[in-house]
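What follows is a single structure, written as structure tokens, with notes after it.
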Amino acid sequence: MSRLSTRLITSRTQLHNPFGCPKRQESTALHFYQNKQLEIYASKEPKPLTLRQLIFFGRSMDEERLVKSANYVRTELPVRIAHRLRDLQKLPYIVVTQEGIAKVYELYWSAFEKFRKYPPITNIKENDAFCEFLAGLLDEHATVIPNLSLGMSLSSLYLAPDDLDSFMRRMLVSRISRRVLAQHHIALSEIYAGKHKPWDSSEPNVGIITTGLNLKSSIEKCANLLRHQSLEIEDFDGNAEIPVEVQIEGDAEMRFSYIREHLEYIVFELLKNSIRATRSKHAGSTKLPPIIATIAAGDNAIGMRITDQGGGLLTLQNSVQNPADLFSFSHIRNSARMEHSRLLSLRTASSYHRGIWATVNEQVENWKRLPDPEKEDGVERHARMGIGLPMSNIFATYFGGSLELKSLDGYGTDAYVRLPKLGTNLEAVNF
Ligand code: COI
């Protein structure tokens, strides 16, 4: 039996106890062994929604509907959190002692308790207070992803790749779902209070869902943001001054209903990778081959293909056997997970107040502010954490879409995104 598998078996049979220090041990023992409430909530099934339900419900708001929405969020979120707390508790001892995991566990435990004890909302005034409460939690949880990714990278030695990846998928999908429900409810409340007038916008929205989202505009927006960011490609010899053109083809007029933040996260990440690869592959050239973004409006789904000539995915820079391994959090599938510089970047981001992913505009702002852990002179620039592609995959699949990467090794990469456009798929939280 290999050393790794021996270790896996030994660690799984150990008593689950997440933290080393005695004070924490006492309080977490309470969490682990005495709280019947967690069992009660974790025995309930989450009630997943479709995009269409979120839109229809939010289209015409009155006090009664807003209060109903508030109470759905109030009772649904602790159920979803309880399932993930149970997941964390089932991890082997050695995993839960890794840096980052304890922080996530504490955040979730505290949020679970707060939701559980939150009294029913009966009117607008109470809803305002509830929205403030939600906004506070969203902010408090901003660093969950780097903390979790750091912990899981460090745990990669002790978990089989399938276990690690399915755990991360459940954690991340569930987190997206909770944030969607909380943010949607806050946005609906703000619209009801007259703080936003979404119908005046060229891309109208219901809550956080943009009902006339134009993919071409989102691609242009992301390309522009990246054009002015030389920060994250300075680690290559390529000349950051030479622009990489993004050409858009296909159905430029196509509009559909989707969560802008999710779509633009994916577009931004794929373009960023393509620009980086193109600059790296053609370092020294005075003209760089363009990136082609093609938009397709299918009957049931929208499609987007991003094509570059950046040399493909299975080059020396990427330590994977096949493209899908880039979505993995396990170092066995993607050895970059254990790279010192990435761990340092995750550590920096995990103690940084703002989340590393929010809207793409905020992402760009965050890069500027994140200190580079490897530069002692304090020069600030973007640090690579390796979260972008796995997160894009999670975003694409959240409402039943897909993200696929095809590599023409030595030449370039095609990324295919498919997002259902009828809004009838349930959120992928049925676990
Ligand atoms: C998260 O961001 O991880 C959350 O669970 C947010 C939720 C508590 C509103």
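For reference, positions follow the sequence shown, starting with 1. First listed ligand is number 1; within each ligand, the first listed atom is number 1.
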Study note, to complete from the structure: A student comparing V180, L148, L107, L77 should find that the heavy atom closest to atom 7 (C) of ligand 1 comes from L77

Point to revise | Output field: ring centroids Y93/Y158 closer than 6.0 Å | key: no

What's the shortest distance from [atom] to any protein heavy atom, and which residue and atom give it?
| atom | answer |
| --- | --- |
| atom 2 (O) of ligand 1 | R179 NH1, 2.5 Å |
| atom 5 (O) of ligand 1 | R178 NE, 2.7 Å |
| atom 4 (C) of ligand 1 | H141 ND1, 3.3 Å |

Practice item. Would you mind running through ligand 1 and noting each atom that sits below 4.0 Å from a heavy atom of R175? Key: 1 (C), 2 (O), 3 (O)

Exercise for review: Within a distance under 4.0 Å of any heavy atom of Y108, pick out the atoms of ligand 1 and give their elements.
Suggested key: 3 (O)

Exercise for review: Indicate yes or no: at least one non-hydrogen side-chain atom of Y108 is less than 4.5 angstrom from one of R178.
Suggested key: yes

Review point. Quick one: side-chain hydrogen bond (donor to acceptor under 3.5 Å, both in side chains) partners of K68, sequence neighbours excluded?
Key: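 Scan of K68 (side-chain hydrogen bond (donor to acceptor under 3.5 Å, both in side chains), adjacent residues dropped) gives none.
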
Practice item. Provide the full list of ring pair (Phe, Tyr, Trp, His ring centres under 6.0 Å) pairs with a residue in residues 39-75, sequence neighbours left out, each pair given once. Key: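 Output for this query lists Y41-F112.
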
**Study point:** Axial cation check for F329 ring with R337, 6.0 Å and 45° limits
**Key:**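 Judged by the rule (NZ or CZ under 6.0 Å from the ring centre, within 45° of its axis), R337 counts as positioned above F329.
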
